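Read the structure below first, then the notes.
In this text, all values refer to a predicted model and were calculated from it rather than measured experimentally. One-based numbering along the sequence shown. Both ligands and their constituent atoms are indexed starting at 1 by order of listing.
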Amino acid sequence: MITFEELGLDARLVQAVTELGYVNPTQIQEKAIPVLLSGTKDFIGLAQTGTGKTAAFGLPLLHIINAENRYPQALIVCPTRELCMQIVNEVELFKKHVKGVSVVAVYGGASIGLQIRDLKRGVQIVVATPGRLIDLIERKAIDLGQIKYVVLDEADEMLNMGFKDDIEFILQNTPQRESTWLFSATMPPEIRKVSKKYMNEPFEVTVGKVNSGNKNIDHQYYITSAQHRYETLKRLIDFNPGIYGIIFTRTKVDAQDIAEKLTREGYDIDALHGDLTQAQRDKVMGEFRDKTLQLLIATDVAARGIDVQGITHVINYELPDDIEVYTHRSGRTGRAGNTGICMSIVHARETFKLKAIEKLIQSTFNRVDIPTGKDVCRKQFYAVMDKLLNTDITHGDYDTYLPMLEEKFADVSKEDILKRLAAVEFDRFLKYYENAEDLNLRDGGRQKTREFGAERGSNSGRERVRFEPRGERQERGSYGGNNGATIGYARLFVNLGTKDGFYKASFLQFILDMSDLKKEVLGKIDMKDMNSWVEVEQGASHQMIRCLDGKNYKGRRIRMNDANSR
Ligand code: AMP
């Protein structure tokens, strides 16, 4: 077996690891350290946590940085604050006998002022989470100009958490980078892409078996019609009584509306979106993290970087426009070896997207029926009964109350007590789901509706209605002959203009923010004092109208509609 000395490490580092009780290098250390000591070779290490990755990059970094130069030379980027602190702690141990080397951790949720002060003292190694690092770059509080080595640790997790653009930004802002070392447990195509773009013939090492995607996640989809999306969401929540989950919407308006509606209906939910102040955001996140809040509903941007353990379900209220976003969303569950379920509510027209996503996540989707009202009731009933049976009665002084209870229930049978208990806990569901309709859109473009109390599979009381997807042709037809509009675009009228204090850029930003659409969907813009006309790609125009029409701007009601239909 090879030793740490034989890997070519500095004697002071060998001494430190020996004192830590390391006898031989782990597999990843044995393969990585000799390559990384050159400092000039790009490297990809595919290894799970717990394989000794931190020492695999930490020891070579300590070996090759110049302790005499007190500016950042190495940057380790990792997904979470916890990992950040863990890496710093380990590197501190490794550098025990190396004088003059400083390592500092910068991560969100802690005082940026103190971190800036630490950086100013002069450090060689910075360990950072992407968001905070970008904040520091933008404040010009960190100098990456002389960074030679960049380590991306748990790259797949960083991408899952939506940090892809941030990572690219960081890599673009390290002009003197001589080598990039990427560590990841899995190798999804997104990471391949990043490595192709920013790395030069990386030396690749795989330790153990590499999963191509997170096999701990069960990807499920439920097909329903657009008007049943909200009902389906409710049913999925009700069918999973112990759910601790995040629901994703495409727009902040949807996130807010759905949160308000569900709260009114008694659900334990709050929304996270871009319009919240930092304090409101922290409050919502704090409650969710403490599990005092059971459900969080968020837009992709707002949920970026959320790292909460133990999430049981992710629900896609709608599939994201950009399929890569799916991996970020589903990656919020099934973490740290736990299993998780990612449920997508899908319209029949969107099923083509599932194929593309399957390719991306290298996993298959399972189509699952939307539970019937009866399914939900049964599930809730068992949950209540399990809760009852599992309640710990060994600790309270319940014996004191027993005589009183016995007296009170003297004439009530055990069966009656159980029924009453079920009714108290359960009434809401029974009443609500008594006549619940089937929300599934069945294959062959046919929809079953109104299954009045009928068990699935029976035909009694069922009315079958032809399902007519609103196809491409029809959509095009409705905008066909659009006066003056570029082909493929709808021309929308909106009662906002320069008199409202808008310039073209701020106006575009406003309508894109409101509708959560990308600027690529826009065509020609014609702004006047009081009104404007905006060309929007036909596929996106409904979303724009839905998100703007009827909303308020500075106390005035926005009116937006298809200019042709006016
Ligand atoms: P990591 O994968 O870096 O999180 O490391 C997992 C654990 O293995 C940590 O507690 C390390 O201290 C420990 N470890 C790393 N390398 C070795 C080694 N060569 N021998 C024994 N333990 C190690």
K140 NZ to I116 CD1 distance, which is reported to the nearest 0.5 Å: 13.0 Å
Verify the contact flag for atom 16 (N) of ligand 1, where contact means a protein heavy atom under 4.0 Å away. yes
If you measure from atom 11 (C) of ligand 1 to every heavy atom of F94, F183, F57, Y22, which option wins on shortest distance? Y22
Identify, by atom number and element, the atoms of ligand 1 in contact range of T26, meaning under 4.0 Å from any of its heavy atoms. 16 (N), 17 (C), 18 (C), 19 (N)
Check the side chains of E82 and Y107 for a donor-acceptor pair under 3.5 angstrom, ignoring hydrogens and angles. no
Can you list the atoms of ligand 1 that are under 4.0 Å from a heavy atom of T54? 1 (P), 3 (O), 4 (O)
Partners passing side-chain hydrogen bond (donor to acceptor under 3.5 Å, both in side chains) against E6 (at least two apart in sequence or in another chain): T3
Counterpart residues, side-chain hydrogen bond (donor to acceptor under 3.5 Å, both in side chains), relative to Y71 (two or more places apart): N69
re atom 10 (O) of ligand 1, the protein heavy-atom contact at minimum distance is E90 OE2, 4.6 Å
Tell me which protein heavy atom sits closest to atom 6 (C) of ligand 1, plus the residue, atom name and distance to 0.1 Å. G50 CA, 3.7 Å
Any N/O pair G52/ligand 1 closer than 3.5 Å: yes
Which is it for N24 and ligand 1 at heavy atoms under 4.0 Å: side chain, backbone, both or neither? backbone
Need the ligand 1 atom indices (1-based, order shown) with element for anything under 4.0 Å from a heavy-atom of K53. 1 (P), 2 (O), 3 (O)
Under 3.5 Å, is there a donor-acceptor pair linking the side chains of E260 and Q256? yes
Nearest 0.5 Å please: distance from the CG atom of D386 over to the OG1 atom of T391. 10.0 Å
Side-chain (D322) to main-chain (E324) donor-acceptor, under 3.5 angstrom: yes
